[in-house]
Amino acid sequence: MSRFLLKFPDLLRRAAESLLRLDRRWIFLFISLGVIVSLVGPFSIEVSITTPTARYFSAIDRLPPGSTILVSMDLGPSTLPELEPILAATVRHALGRGLRVLAMTLLVEGPSIGERIMLEAAEELNAMLAEAGEEERITMGENWVFLGYRAGGGAVILQFGEELRKAYPSDFYGTPLEELPMMAGVRSFDDMGLVVAVSGTALPEAWISYAGVPFGIPVLVGCTAVYAPNYYAYLQTRQIEGMLGGLKGAAEYERLISRPAGATRGMVAQMTVHVLIVFLIVLGNVAYFISRGRKRAR
């Protein structure tokens with residue numbers, strides 16, 4: 001034991017120097033394994049519900065069944081990990097409550113993403129209805145309509161305030177809106193309960209300026225975490241009713257609707273990576289000071 005104690009400082013120094021020379025690829029592998037285990041394992045994390053999320057949930061939850069909401073799916077592949085869970089949870093919540101969803105996009109990358117989200121949400125809800133023995137089904141044209149993409153940004157939003165058929169005479173599949181049962185009586189913001197603007201860009205500000213302010217329709221915002229601080233002033237002035245910011249906001253919303261999904265799993269992976277990074281930073285600093293202390297002692 002005494003021999004080991006005499007050699008311990010030297011062993012510690014060597015271990016510290018080996019750690020400082022560690023190939024960074026091992027660190028990447030370590031973090032990758034942590035993410036994989038977090039995503040595939042039966043892990044969960046409790047998230048606290050913040051006020052913007054609670055207001056977002058309440059704005060949709062208090063609408064009477066049969067109300068129409070407009071969902072602008074303005075996202076591309078780069079923001080998909082953060083924004084898809086927000087859209088998926090929003091659409092499932094709305095359709096599950098008997099609301100009618102009118103979806104669209106102002107980004108050229110958005111149509112394929114938006115269509116997939118709508119189809120997957122309808123398929124999941126129909127599977128739940130079938131399992132419960134219900135004959136009712138969520139059908140395109142009656143419960144939801146996907147309009148697709150239109151260029152124009154603010155001009156398109158203003159057209160929705162007067163007559164949406166000026167911007168979209170037909171849906172994404174080329175069917176005239178007049179032939180869709182859901183669109184009977186839905187012509188402008190006056191016939192909608194609220195607008196949900198989800199984007200990793202500044203487009204939600206256009207929805208606030210050109211829809212919420214002039215036409216008085218409530219606006220909800222879903223955005224990436226880095227964009228969230230831009231909208232707190234709008235929350236304070238009630239120019240937006242609620243907000244989901246990034247993966248954390250989506251995970252909170254999944255908890256409120258009692259449907260943990262991609263955001264809840266993503267929060268576990270995110271926490272795991274953060275813990276690993278902090279641990280490696282602390283370990284690297286300890287190794288550095290041990291190595292430097294031994295060199296000074298010489």
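Looking at residues two or more places apart in sequence or on another chain, you find no salt bridge (charged side-chain N to carboxylate O under 4.0 Å, His left out) involving Asp190. For Glu241, the salt bridge (charged side-chain N to carboxylate O under 4.0 Å, His left out) test picks out Arg62, with sequence neighbours left out. For Tyr168, the ring-ring contact (aromatic ring centres under 6.0 Å, His included) criterion is met by Phe160, not counting sequence neighbours. Not a single side chain to side chain donor-acceptor pair (under 3.5 Å) links Glu205 to another residue, sequence neighbours left out. Arg165 meets the side-chain contact (heavy atoms from CB on, under 4.5 Å) test with Glu163, Leu177, Glu178, Met183, Arg187; sequence neighbours excluded.
Pairs of residues two or more places apart, or lying in two chains, that qualify as salt bridge (Lys or Arg N to Asp or Glu O under 4.0 Å) and include a residue from residues 143-162 are Glu162-Lys166. For residues 50-109, the pairs satisfying ring-ring contact (aromatic ring centres under 6.0 Å, His included) are Tyr56-Tyr253, Phe57-His93, His93-Tyr253, with sequence neighbours left out. Among pairs with a residue in residues 116-146, those fulfilling ring-ring contact (aromatic ring centres under 6.0 Å, His included) read Phe146-Phe172, at least two apart in sequence or across chains. Applying the ring-ring contact (aromatic ring centres under 6.0 Å, His included) test to residues at least two apart or on different chains, none of the pairs has a partner in residues 109-138.
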Contacts table for residues 112-123: side-chain donor-acceptor under 3.5 angstrom, sequence neighbours left out:
from	atom 1	to	atom 2	distance (Å)
Glu115	OE2	Tyr173	OH	2.7
Arg116	NH1	Glu84	OE2	2.6
Arg116	NH2	Glu84	OE2	3.3

Name the atoms and distances for all side-chain donor-acceptor pairs under 3.5 Å in residues 101-109, with sequence neighbours left out.
from	atom 1	to	atom 2	distance (Å)
Thr105	OG1	Met73	O	2.8
Thr105	OG1	Leu107	N	3.1
Thr105	OG1	Leu107	O	3.3

Can I get a per-line list of side-chain donor-acceptor pairs under 3.5 Å for residues 213-236, giving both atom names and the distance, sequence neighbours left out?
none

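Of the possible polar contacts, one joining the Arg55 side chain to the Ile240 backbone as a donor-acceptor pair under 3.5 Å is found.
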